Amino acid sequence: MPDTCRIIALANQKGGVGKTTTAINLGAALAKAGRKVLLIDMDPQGNASTGLGLARSDRRSTTYDLLLGNGKASDGVHGTQVVGLDIIPATTDLSSADVELMSSTDRSRILRRRLKELLQDREEYDYVLIDCPPALNLLTINAMVAAASVIVPLQSEFFALEGLSQLMLTLREVRGSANKSLRIEGIVLTMYDRRNNLSQQVEADARETLGDLVFKTVIPRNVRLSEAPSHAMPVLDYDPACAGTKAYLDLAAEVIQREG
Ligand code: ADP
Ligand code: MG
């Protein structure tokens with residue numbers, strides 16, 4: 001795999017914590033900074049695909065085809081309205097890939113292998129972001145095996161830290177088997193409400209127990225972030241001046257800073 005391309009999985013087995021929102025908007029912010037980004041939608045719900053404006057009828061070839069080995073690995077690459085941001089979209093059939101792959105001997109390394117093919121074919125990408133489903137299933141394991149690092153979105157609410165131990169256990173297992181060098185890129189606090197004591201408490205706890213693993217940037221709760229997908233665009237284009245846009249630009253700057 002070209003070592004200039006950074007492959008980052010967005011993972012947390014909890015749903016609704018901001019994985020997809022972060023995948024779309026971090027992707028768009030990295031593209032705005034001049035990086036070439038490929039987003040892989042690994043969630044059968046296909047929210048990242050919809051949020052970037054890909055109608056179901058436009059999804060010619062998908063993550064399902066990528067994993068099942070149908071056609072060339074780069075067949076699934078679709079352009080988006082955002083310059084510098086491409087996507088391999090998902091449809092609901094991806095949920096059966098989980099079952100179909102079970103019988104394969106190399107079942108956790110399929111995405112890794114296909115992505116290697118893809119990046120040999122398409123050398124232009126600086127980042128591949130993988131939007132994982134809300135489960136520690138075979139799809140998420142494939143993402144972790146293919147990735148160099150993981151970004152964990154953590155919702156700023158009570159019990160947020162409790163789910164982390166299960167995730168950390170899975171990361172350790174992947175490190176012990178198929179991907180020794182897997183790193184945590186960072187943990188990003190999402191839906192942060194600075195007027196809420198609970199948000200502040202979660203942040204303090206996270207910084208105390210996880211230290212530098214927690215990104216300095218926190219993503220505020222911002223209604224523009226939840227509206228943007230229904231307009232089929234990243235928040236950066238939907239409302240360039242809002243707090244959500246600023247936060248994701250800051251997060252991208254931090255990720256870029258960690259490149260070196
Ligand atoms: P996940 O992919 O982890 O399931 P999503 O990114 O889809 O989570 O977010 C869940 C819901 O919360 C979505 O409706 C999304 O628009 C909304 N949301 C995510 N982040 C924020 C935020 N920072 N402020 C407001 N709403 C948000
Ligand atoms: Mg999602």
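Numbers for residues simply follow the sequence, beginning at 1. As the structure is a prediction and not an experimental result, all values here were calculated from the model. When a ligand or atom number is given, it counts from 1 through the structure's own listing order.
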**Request:** Might you check, step by step, whether the distance between atom 22 (C) of ligand 1 and some protein heavy atom is under 4.0 Å?
**Result:** yes
**Message:** What protein heavy atom lies closest to atom 26 (N) of ligand 1? Include the residue and the distance to one decimal.
**Reply:** Ser226 CB, 3.8 Å
**Message:** Applying salt bridge (Lys or Arg N to Asp or Glu O under 4.0 Å), can you list everything that pairs with Arg35, at least two apart in sequence or on another chain?
**Reply:** Glu259
**Prompt:** Does Pro134 reach ligand 1, in the sense of a heavy atom lying below 4.0 Å from it?
**Reply:** no
**Asked** Would you say the side chains of Thr217 and Glu254 form a donor-acceptor pair under 3.5 Å?
**Response** yes
**Complete:** Of Thr21, Asn47, Val17, the one whose closest heavy atom lies nearest atom 15 (C) of ligand 1 is Thr21
**Prompt:** Can you tell me which residue and heavy atom of the protein come closest to atom 27 (C) of ligand 1, and the distance to 0.1 Å?
**Reply:** Met191 CG, 4.1 Å
**Message:** Quick check on Gln200: does its CD atom have over 12 non-hydrogen neighbours (other residues, nucleotides or ligands) under 6.0 Å away?
**Reply:** yes
**Message:** Within the structure, is a non-hydrogen atom of Gly244 found at a distance of less than 4.0 Å from ligand 1?
**Reply:** no
**Complete:** If you compare Thr190, Asp193, Asp131, Asn222 by their heavy atoms, the one closest to atom 25 (C) of ligand 1 turns out to be Asn222
**Item:** Nearest-neighbour protein heavy atom for atom 8 (O) of ligand 1, which is reported as residue plus atom name and distance
**Value:** Gly18 N, 3.0 Å
**Message:** Tell me every residue that passes ring pair (Phe, Tyr, Trp, His ring centres under 6.0 Å) with Tyr192, counting only those two or more places apart in sequence or in another chain.
**Reply:** none
**Nearest protein heavy atom with distance in Å, relative to atom 4 (O) of ligand 1** = Gly16 N, 2.7 Å
